[in-house]
Participant: 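The structure is given below, and queries will be raised subsequently.
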Number of protein chains: 2
Amino acid sequence: MDKTNTRDTIFKTAVVLFSRKGYHGTSVRDIAREVGIKESSLYNHFNGKEAILDGILAYQMDVFDKAVHALDALKSTDVDDLTDPVEFWMAGTREFLKYMDPTSGLISRILINEMYLNQKCREFYLDTMTKARKDLVKALFSEMRKKEMIRDCGIEMTADHYVYLLQGLEIEHTLRELDGEDPGVLKNELIGHITLFIQGLAQ
Amino acid sequence: MDKTNTRDTIFKTAVVLFSRKGYHGTSVRDIAREVGIKESSLYNHFNGKEAILDGILAYQMDVFDKAVHALDALKSTDVDDLTDPVEFWMAGTREFLKYMDPTSGLISRILINEMYLNQKCREFYLDTMTKARKDLVKALFSEMRKKEMIRDCGIEMTADHYVYLLQGLEIEHTLRELDGEDPGVLKNELIGHITLFIQGLAQ
DNA sequence: GTCTATAACTCGATAGAC
DNA sequence: GTCTATCGAGTTATAGAC
């Protein structure tokens with residue numbers, strides 16, 4: 001580890017510990033010990049514990065922005081040949097997931113942990129992880145409706161339902177993975193649910 | 001406050017504080033101060049902080065058990081005259097909600113806060129707040145299918161989708177209420193979503 | 001940029017008088 | 001069942017030597 005990477009090591013270590021033991025359950029001491037430096041040295045890289053959390057929020061915001069823009073770009077280019085709604089949707093889902101690295105998965109956990117307690121986390125969850133996702137799904141459903149890939153289903157509320165389905169599965173699968181369930185099985189379950197949902201819109 | 005009610009006051013105070021500041025963010029000192037006794041006195045009623053949390057879980061388990069049994073009883077009695085699926089469903093929802101007092105709403109928040117961090121809370125969330133709810137909805141959907149109130153929609157997965165919708169709305173509405181939104185508006189939104197979902201099964 | 005040392009405070013929990 | 005008093009450990013953060 002170079003000196004220049006210490007800040008990054010602190011960041012990634014904090015994400016892991018915050019997601020595992022919670023923000024309040026993790027001390028600056030824990031992070032420093034795991035990184036291999038003293039607590040006081042950590043303050044040369046971050047102004048304090050809360051500054052680390054701010055950095056984590058900024059990171060996640062960046063990841064989401066990039067994913068949404070990538071999907072916006074994809075929408076208006078090379079997917080015109082995809083006429084099957086399920087295939088169309090899965091292509092978009094794969095594109096979106098490209099931007100979701102393991103770190104951003106852990107950050108989602110931190111945000112859900114803190115959303116009731118911390119104003120910034122709550123705002124992020126409502127704006128980015130819920131509203132922005134709903135808007136994105138709405139735009140994509142509209143696109144599919146124009147191409148007559150799906151029926152007239154009340155796009156506004158249906159998009160909401162899809163996002164709630166996704167969030168519910170994300171939470172449940174994370175919990176079940178913590179209890180030792182096989183991630184492969186969970187992924188297949190996820191694909192099954194998504195497929196059924198989109199098929200329901202197509203018929 | 002009688003002496004005999006001190007334990008109950010501690011319990012309810014803990015529920016409020018845990019839901020507002022989190023389990024780790026609330027100290028035994030906070031609870032004692034709010035109740036109006038010294039910390040040491042609190043230990044005459046609970047063996048410790050964790051024992052209070054255990055009591056909270058037991059309370060919620062009891063609430064859910066009673067609500068589920070009430071709905072089971074209702075299913076096989078006086079709702080035979082209800083042939084409209086939305087009316088049928090709303091009658092059941094109202095019956096279920098009768099058992100959900102404000103305390104149990106706050107406890108749900110505590111559980112979601114702790115589900116990633118605490119094994120007992122995670123188990124409760126998965127078993128009671130997710131699986132038991134799915135099973136209940138499945139049973140009711142089967143009942144409705146037998147009476148030909150709904151179409152053949154793949155009851156297993158559809159019940160899951162309904163529970164995820166409910167959980168998603170519960171979380172989002174709690175967050176928005178924390179940010180000062182009008183509970184009345186949120187309740188109407190909830191009714192709108194439920195109605196649309198059940199209508200979608202009826203057609 | 002890292003360290004030692006320490007300030008200033010909060011935590012859960014207990015002993016023992018009344 | 002409530003209190004005072006206290007313990008031992010943990011908390012974030014800073015000062016200053018190297």
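In what follows, chains carry the letters A, B, and so on, assigned in the order in which the sequence lines appear, proteins first and then strands, with residues in each chain numbered from 1.
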Participant: So which pairs with a foot in residues 46-76 of chain B pass ring pair (Phe, Tyr, Trp, His ring centres under 6.0 Å), sequence neighbours left out?
Facilitator: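 Of all non-adjacent pairs touching residues 46-76 of chain B, those that pass ring pair (Phe, Tyr, Trp, His ring centres under 6.0 Å) are F11(B)-Y59(B).
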Participant: Which nucleotide, dC3(C), dA13(D), dA13(C), lies nearest any side-chain atom of S41(A)?
Facilitator: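 Looking only at side-chain atoms, S41(A) lies closest to dC3(C).
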Participant: Is any side-chain N or O of S40(A) closer than 4.0 Å to OP1 or OP2 of dC3(C)?
Facilitator: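 Indeed not, no polar side-chain atom of S40(A) lies that close.
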Participant: Just checking, is any N or O donor in the side chain of E114(A) or Y125(A) under 3.5 Å from an acceptor N or O on the other one?
Facilitator: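 Per modelled atom types, E114(A) and Y125(A) side chains form no pair under 3.5 Å.
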Participant: Are Y162(A) and I194(A) packed together at the side-chain level, in the sense that at least one heavy-atom pair is separated by less than 4.5 angstrom?
Facilitator: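 Side chain of Y162(A) against side chain of I194(A), heavy atoms only: contact under 4.5 Å found.
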Participant: Give me the one residue out of K138(B), R145(B), K134(B) that meets salt bridge (charged side-chain N to carboxylate O under 4.0 Å, His left out) with E156(B).
Facilitator: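 That would be K138(B); it is the only one of K138(B), R145(B), K134(B) passing the salt bridge (charged side-chain N to carboxylate O under 4.0 Å, His left out) with E156(B).
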Participant: Please determine, by modelled atom types, if E39(A) and S27(A) share a side-chain donor-acceptor pair under 3.5 angstrom.
Facilitator: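 No donor-acceptor contact under 3.5 Å links the two side chains.
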Participant: State which residues pass ring-ring contact (aromatic ring centres under 6.0 Å, His included) with H193(A); sequence neighbours excluded, sorted by chain then number.
Facilitator: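 In terms of ring-ring contact (aromatic ring centres under 6.0 Å, His included), with neighbours along the sequence ignored, H193(A) is linked to H161(B).
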Participant: Restricting to side-chain hydrogen bond (donor to acceptor under 3.5 Å, both in side chains), what partner residues turn up for T103(B), sequence neighbours left out?
Facilitator: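 Partners of T103(B) under the side-chain hydrogen bond (donor to acceptor under 3.5 Å, both in side chains) test: none.
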Participant: If you take any heavy atom closer than 4.0 Å to DNA chain C, which residues from residues 25-38 of chain A end up in contact?
Facilitator: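 Within residues 25-38 of chain A, the residues near DNA chain C are I37(A), K38(A).
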Participant: Taking ring pair (Phe, Tyr, Trp, His ring centres under 6.0 Å) as the cut-off, I'd like each qualifying pair that reaches into residues 126-145 of chain B, sequence neighbours left out, listed once.
Facilitator: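 Pairs touching residues 126-145 of chain B that pass the test: W89(B)-F141(B).
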Participant: Find the distance E39(A):CD to dG1(C):C1' and express it as a whole number of Å.
Facilitator: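 Rounded to whole Å, this separation is 16 Å.
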Participant: Specify the residues of residues 111-119 of chain B, ordered by number, for which at least one heavy atom lies under 4.0 angstrom from an atom of DNA chain C.
Facilitator: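 Here the set is empty: none.
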